[in-house]
Amino acid sequence: MTDFDSREKAFEKKFEMDEEMRFKIASRTARLFGLWVADKLGLTRNEAEAYVGLAVESTTVKSGRDGFLQKVEKDLQAKNVSLSRHHLEREWDAFYHNA
């Protein structure tokens, strides 16, 4: 194997590890945020777990953070919970840093 081949393999491995870490952080952030929102919505434990599952799936597979935040805004409005988009984004960022 040449030096170029070994460098290429090393870069590929690093990229793979970085992507895995990004996915784990995104999943953890979505989980923490989903639990926080479920509490604000007054959901039962089973409902909260389902909401968390939706949060993780939405942010990692489907619409990403912004799409999920739009859904959260609608859910909160439906329950007459007044939280601004800015507040939601700040909470998301705080959970991201914890994750």
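- Atom CD1 of Ile25 and atom NE2 of His97 lie 10.5 Å apart (nearest 0.5 Å).
- Contacts classified as salt bridge (charged side-chain N to carboxylate O under 4.0 Å, His left out) and involving residues 47-59 (residues at least two apart or in different chains) are given here: Arg31-Glu49, Glu57-Lys62.
- Comment: Lys71 engages Asp75 in a salt bridge, judged by a side-chain N to carboxylate O separation of less than 4.0 angstrom.
- At least one side-chain heavy atom of Gln70 sits less than 4.5 Å from a side-chain heavy atom of Arg85.
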Q: Given side-chain contact (heavy atoms from CB on, under 4.5 Å), test Phe33 with Tyr96 step by step and report yes or no.
A: CA-CA 9 Å; Phe33 184 78; Tyr96 175 83; over 6 Å; no
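- Remark: Asp18 engages Lys14 in a salt bridge, criterion side-chain N to carboxylate O under 4.0 Å.
- Contact of the Thr59 side chain with the Trp92 side chain is registered, since non-hydrogen atoms from C-beta on lie closer than 4.5 Å.
- For the atom pair CG (Leu69) and OG (Ser58), the distance works out to 10.5 Å, reported to the nearest 0.5 Å.
- Between Leu76 and Leu88, the closest side-chain pair of non-hydrogen atoms falls below 4.5 Å.
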(Q) Test side-chain contact (heavy atoms from CB on, under 4.5 Å) on Val37 and Leu83; report intermediate values, then the result. (A) CA-CA 10 Å; Val37 172; Leu83 292 172; over 6 Å; no
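- Val81 approaches Lys40 most closely through the heavy-atom pair CG2-O, 3.7 Å.
- Placement of Trp36 and Val56 in two distinct hydrophobic clusters is found when ILVMFWY residues are connected by side-chain heavy-atom separations under 4.5 Å, directly or transitively.
- With sequence neighbours left out, His86 forms a ring-ring contact (aromatic ring centres under 6.0 Å, His included) with no residue at all.
- Of the options Met21, Lys13, Glu19, a side-chain contact (heavy atoms from CB on, under 4.5 Å) to Met17 is made by Lys13 and by none of the others.
- Counting only heavy atoms from C-beta outward, the side chains of Phe68 and Thr60 never approach each other to under 4.5 Å.
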Q.
Let's go through Leu35 and Phe95 carefully: what are the C-alpha distance in whole Å and the side-chain angles of both, what is the deciding distance for side-chain contact (heavy atoms from CB on, under 4.5 Å) to 0.1 Å, and is it a yes or a no?
A. CA-CA 11 Å; Leu35 286 170; Phe95 288 123; over 6 Å; no
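- Considering every non-hydrogen atom in both Gly34 and Ala55, the closest pair reads CA-CB, 4.2 Å.
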